[in-house]
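The sequence lines fix the lettering, A, B, ..., with proteins before strands; numbering per chain opens at 1.
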Number of protein chains: 2
Amino acid sequence: MPQPSAQRGRPPRISRAEIIETARRIVDAEGVDRLTMRRLAKEVGSTPMALYHHVRDKEQLLVLLLDDYAARMAREPELPADPRERIVVTAAAIRETLAACPWIAEVLTADDLLGRSALWFVERILDGLEECGLSPERAVHGYRAIWYYTAGEIIVRAAAARRRAGDERPTYRERVFAGIDPGELPRLAAVADRWAELTAQDTYLDGLRALVDGLVGAP
Amino acid sequence: MPQPSAQRGRPPRISRAEIIETARRIVDAEGVDRLTMRRLAKEVGSTPMALYHHVRDKEQLLVLLLDDYAARMAREPELPADPRERIVVTAAAIRETLAACPWIAEVLTADDLLGRSALWFVERILDGLEECGLSPERAVHGYRAIWYYTAGEIIVRAAAARRRAGDERPTYRERVFAGIDPGELPRLAAVADRWAELTAQDTYLDGLRALVDGLVGAP
DNA sequence: GTTAGTTTTTATACATGTATAAAAAAGAAC
DNA sequence: GTTCTTTTTTATACATGTATAAAAACTAAC
């Protein structure tokens, strides 16, 4: 990590910005799987270990990459007047942006709050919650709940997609559902054959609305 | 993966059950970090690659381990009469069990529905939701929302704990919050100095209640 | 017994992240 | 200039997950 001290010591040949930019190019072009420290080093014209003077480890590199993406989030200017709807729109925007990069799941667990660029969205959610009458403390807790829900949705959905992309083995789930005893688990048995279809539907917004309603009181 | 075909071919010297049992012992005694395929092979008296005839890869091994844990979940027999409260109690039980093993986060992204043993909890949540008047389809979606929220909470909290356990560097968050402009982000600025304290509080139940309220209608 | 077929185990090899220590490239002090 | 200090880069090495292919251990057919 470069100190702001006066110019001394061997001058750097690569910068963190250069590393991140190259990493982003690789990820965009070939996916996160192809991003290795050796490959990245070669592309910036250096050696693998030199990278470690600019980023702590690969995980931090991915977090920085994620920040880079988050900074590009479209902050649509026309916001609904209803604070409740404003919260929904904002959370949905975050989720849409993050879900767009499928490698997110591996990083999302690394940091709950993204960089400066994401704070604007947090502000908007807090503002909506407080306008609905919540105290600042409860607004923070409400934001956290929304973030848990959103992060969970992205991660679980990304994992499911990854599994589907892998190989079409009989699916653990199918085998589990096949053995359901309707006497013991009647509710599950009733929907067992539609489970895959039902869980494949995108109900993020429904759940989000329910959560917001519950947080701020009945609509 | 052992086929149920007639006894033929070289007889196995290790079994999946033996592998999982040994893995659990290692994880319980020394943590998930010390669980390596080589170490595990040595402890079951075999070679690393032999394990791969009984489990697909390390990730699946961890999922199986998680199932093993989930099977031990306490299913407290006295349930509240109020279906709403029954949902809350059940989801909280799942969360408590899973949060008890801190290595969970690395696996949780692997499978949304755990093994047979966890289905009982799913059933209870579905039952509560339907008793509140939701259709079977909406109950499944409601369960998914609860699962997203719960998984997100566990993962984010586990990641935060891991980060804290690592090293006490100036915390990315602190630096981000230090640069907040009260003019631009007033809501955030107002709680900036209490952010760490507020987000450290355990508000899982509050959020869960809000979500359930929102899913089934006002209380 | 010999051969063929099937299942499990082993040996070897490779890619990857990264720890460790040495080397290189600069300015500062003399 | 020479030497010291600081910063960055490089070389080497290791642990890990796992792919690949060969070997081993058994049954069935003849």
Handout entry: Five-pair end axes of the helix from C/dG1-D/dC30 to C/dC30-D/dG1 and the angle they enclose, rounded to 10°
Key =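 Computed angle between terminal axes is 30°.
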Exercise for the section: Flag yes if more than 12 heavy atoms outside A/E96 fall under 6.0 Å of its CD atom; otherwise flag no. Expected result: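 Not more than 12 within 6.0 Å, no.
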Practice task
Answer yes or no: does atom CZ of A/R24 have more than 12 heavy-atom neighbours from other residues, nucleotides or ligands under 6.0 Å?
Solution key: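 Counting other residues, nucleotides and ligands, CZ of A/R24 exceeds 12 neighbours.
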Practice task
Carefully, step by step, assess B/L129 and B/R138 under the rule side-chain contact (heavy atoms from CB on, under 4.5 Å).
Solution key: CA-CA 8 Å; B/L129 290 170; B/R138 291 189 62 83; over 6 Å; no
Problem - Reference residue A/V55; test side-chain contact (heavy atoms from CB on, under 4.5 Å); the match among A/L62, A/L40, A/L64 - result: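 With A/V55 as partner, side-chain contact (heavy atoms from CB on, under 4.5 Å) holds for just one option, A/L64.
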Handout entry: Of B/D57, B/T47, B/L51, the residue whose pairing with B/M37 passes side-chain contact (heavy atoms from CB on, under 4.5 Å)
Key =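 One option only clears the test, and that one is B/L51.
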Practice task
Would you please name every residue forming a side chain to side chain donor-acceptor pair (under 3.5 Å) with A/D28, sequence neighbours left out?
Solution key: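 A/D28 satisfies side chain to side chain donor-acceptor pair (under 3.5 Å) with A/Y69 once adjacent residues are dropped.
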Practice task
Quick one, give me the B/S/- string for nucleotides 20-30 of chain C, reading 5' to 3', where B means a protein heavy atom under 4.0 Å from the base and S means that only happens at the primed atoms, P, OP1 or OP2.
Solution key: B---BBB----
Measure the distance from [atom1] on [X] to [atom2] on [N] and round it to the nearest whole Å.
X     : N      : atom1 : atom2 : answer
B/E18 : C/dT9  : CD    : C1'   : 14 Å
A/H54 : D/dT8  : NE2   : C1'   : 7 Å
B/D33 : C/dG17 : CG    : P     : 18 Å
A/L51 : D/dA11 : CG    : C1'   : 15 Å
B/Y52 : D/dG17 : OH    : P     : 6 Å
A/R16 : D/dT8  : CZ    : C1'   : 15 Å
A/R56 : C/dA19 : CZ    : P     : 11 Å
A/K42 : C/dA15 : NZ    : C1'   : 12 Å

Handout entry: Least distance between heavy atoms, A/L211 atom then A/A145 atom
Key =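 In terms of heavy atoms, the two residues are closest at CD2-O, 3.7 Å.
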Tell me which nucleotide among [options] gets nearest to the side chain of [X].
X     : options                : result
A/K58 : C/dT18, C/dT9, D/dG17  : C/dT18
A/M37 : C/dG17, D/dT10, D/dT18 : C/dG17
B/I14 : D/dT9, D/dG17, C/dT9   : C/dT9

Handout entry: Donor-acceptor contact present, side-chain A/R38 to main-chain A/P48, <3.5 Å
Key =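 Between the backbone of A/P48 and the side chain of A/R38 there is no qualifying donor-acceptor contact (under 3.5 Å).
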Problem - Short side-chain N/O contact to D/dA11 OP1/OP2 from A/T47, under 4.0 Å - result: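 Checking A/T47 against D/dA11: no side-chain N or O falls below 4.0 Å of OP1 or OP2.
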Exercise for the section: Determine the interplanar angle of the A/Y149 and A/Y204 rings, folded into 0 to 90°, and report it as parallel if under 30°, tilted if 30 to 60°, perpendicular if over 60°. Expected result: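 Rings of A/Y149 and A/Y204: parallel, as their planes differ by under 30°.
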Practice task
Identify, between B/L35 and A/R38, the residue whose nearest nucleotide on DNA chain D lies closer to the 5' end.
Solution key: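 By nearest-heavy-atom nucleotide position, the 5'-most residue is A/R38.
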